[in-house]
Amino acid sequence: MPIDSTLLKDLNLRHECDVHLGPRTWYGVGGHALIVAHPSSVQQLSALAARCHDASVPVYVLGSGANLLVADQGVQGVVVCLDDPCFENIDINGSTVTVGAGFNLAKLVLETAKAGLGGLECLAGIPASVGGAVRMNAGGSFGDIGQAIRRVMVCGASGQVYYRDRDDLIFSYRKTNIVARYILEVEFELVREDPDELMRQVKEIFLYKKVSQPLADHSAGCAFKNPTDDAHIPDKKPPTAGQLIDRAGLKGLRIGGAEVSPRHANFIVAHPGCTANDILAVIERVQDQVSKRFGVVLEREVVVWP
Ligand SMILES: Cc1cc2nc3c(=O)[nH]c(=O)nc-3n(C[C@H](O)[C@H](O)[C@H](O)COP(=O)(O)OP(=O)(O)OC[C@H]3O[C@@H](n4cnc5c(N)ncnc54)[C@H](O)[C@@H]3O)c2cc1C
């Protein structure tokens with residue numbers, strides 16, 4: 001089946017054809033998608049998933065594009081955006097907060113802190129949609145999103161919608177055991193705390209990030225995961241990816257418009273005129289150099305499409 005509007009026939013689905021994806025990501029680079037679909041209900045998303053599955057059409061789910069590098073040749077498939085209001089709902093009931101996958105994470109952090117509900121303040125300063133944050137188990141040294149999750153509504157690749165409960169969810173460093181293609185809604189169990197103290201923590205964490213990271217540049221945050229204890233490093237506490245890149249003398253390494261940030265070695269930033277190929281070339285060069293110097297294979301954190 002051709003990947004054009006005929007694929008979506010009868011689904012009555014809002015969609016765009018031949019869409020430049022670069023501007024929809026924080027990197028701002030990359031090629032086109034054949035179709036970007038905006039389902040307006042869970043039923044519509046499920047029907048779209050089933051249609052693409054049956055036609056063996058590749059599907060990509062786009063959040064806020066903050067951890068994403070789209071290749072210059074684009075993606076031959078359907079990109080699904082959960083940006084309809086039906087996926088941006090929020091319901092606060094006591095200490096339980098239920099929120100759609102398309103909801104903005106920064107807004108959620110502020111709203112819950114102001115309401116005196118603790119557990120998400122550790123995510124201050126992380127650009128994301130809620131769905132993207134769960135997929136990546138976003139977080140940092142202050143905690144991660146997984147720790148506050150009670151239940152997640154998901155949809156499998158072939159369209160079946162179901163819940164995953166806390167008991168059977170595993171969250172680890174930038175990883176979850178949620179294999180379903182679409183994360184639709186998340187239920188958080190938060191803790192009553194003093195709103196002023198929570199807001200103080202949100203501001204403190206945000207300022208810490210603002211000082212240590214090049215937040216104003218085009219990037220996808222940390223390009224590589226930090227090596228874990230099982231990496232073959234003699235130190236007790238393995239150095240972070242940023243420390244390894246820095247020690248390899250790679251800060252400021254530039255290929256085309258892509259550069260290892262002089263401010264934070266684990267950020268690869270895009271300057272005007274940068275292409276996805278430039279960024280991929282810097283990623284490869286960094287992996288190669290760090291592997292040669294320290295015998296550590298840096299695993300990419302940034303997701304690359306296709
Ligand atoms: C300046 C900057 C600072 C950052 N700091 C941090 C940090 O401190 N900690 C951290 O963890 N990350 C950080 N990041 C990376 C990024 O913010 C996180 O990875 C975030 O979780 C990405 O969410 P997103 O909605 O933008 O996902 P996207 O980038 O759109 O997508 C990322 C992945 O999630 C998938 N996905 C998105 N939405 C869904 C969904 N609804 N269902 C299923 N899959 C989905 C995509 O298919 C893709 O595989 C930073 C990024 C930037 C640009």
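Start at 1 and go down the list; that is how both ligands and their atoms are numbered.
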**Q** Less than 4.0 Å is my threshold; does some heavy atom of G140 fall inside it relative to ligand 1?
**A**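 Distance cut 4.0 Å: G140 fails for ligand 1.
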**Q** How close does the nearest protein non-hydrogen atom get to atom 40 (C) of ligand 1, and which residue and atom is it?
**A**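 Residue, atom and distance for the closest contact: V61 CG1, 3.5 Å.
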**Q** For M136, take its heavy atoms, then give the atoms of ligand 1 lying under 4.0 Å from any of them.
**A**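 That gives atoms 19 (O), 21 (O), 33 (C) of ligand 1.
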**Q** Among all protein non-hydrogen atoms, which one is nearest to atom 43 (C) of ligand 1, and what is the separation to 0.1 Å?
**A**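 For atom 43 (C) of ligand 1, the nearest protein heavy atom is R181 O, 3.1 Å.
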**Q** Counting heavy atoms only, which part of F87 comes closer than 4.0 Å to ligand 1: side chain, backbone, both or neither?
**A**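 Within the 4.0 Å criterion, F87 makes no contact with ligand 1.
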**Q** Can you tell me which residue and heavy atom of the protein come closest to atom 26 (O) of ligand 1, and the distance to 0.1 Å?
**A**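 The protein heavy atom lying closest is S64 OG, 2.6 Å.
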**Q** Quick one: which ligand 1 atoms are inside 4.0 Å of a heavy atom on G139?
**A**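 Under 4.0 Å from G139, ligand 1 has these atoms: 7 (C), 8 (O), 9 (N), 10 (C), 11 (O).
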**Q** Do L34 and D18 have side-chain heavy atoms sitting under 4.5 Å apart?
**A**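 No, side chains not in contact.
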**Q** Under 4.0 Å, heavy atoms only, figure out whether ligand 1 is touched by the backbone of A220, its side chain, both or neither.
**A**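 Near ligand 1, A220 shows its backbone, while the atoms from C-beta on stay back.
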**Q** Which is it for L184 and ligand 1 at heavy atoms under 4.0 Å: side chain, backbone, both or neither?
**A**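 None of L184 does.
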**Q** Starting from atom 8 (O) of ligand 1, find the nearest protein heavy-atom neighbour and note its residue, name and distance.
**A**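 Heavy-atom neighbour on the protein nearest atom 8 (O) of ligand 1: K209 NZ, 2.4 Å.
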**Q** May I ask you to identify, for V303, whether its side chain, its backbone, both or neither come under 4.0 Å of ligand 1 on a heavy-atom basis?
**A**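 Near ligand 1, V303 shows its side chain, while the N, CA, C and O stay back.
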**Q** Should W26 be counted as touching ligand 1, given the test is an N or O pair under 3.5 Å?
**A**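 In fact, backbone or side chain, W26 has no N or O that close.
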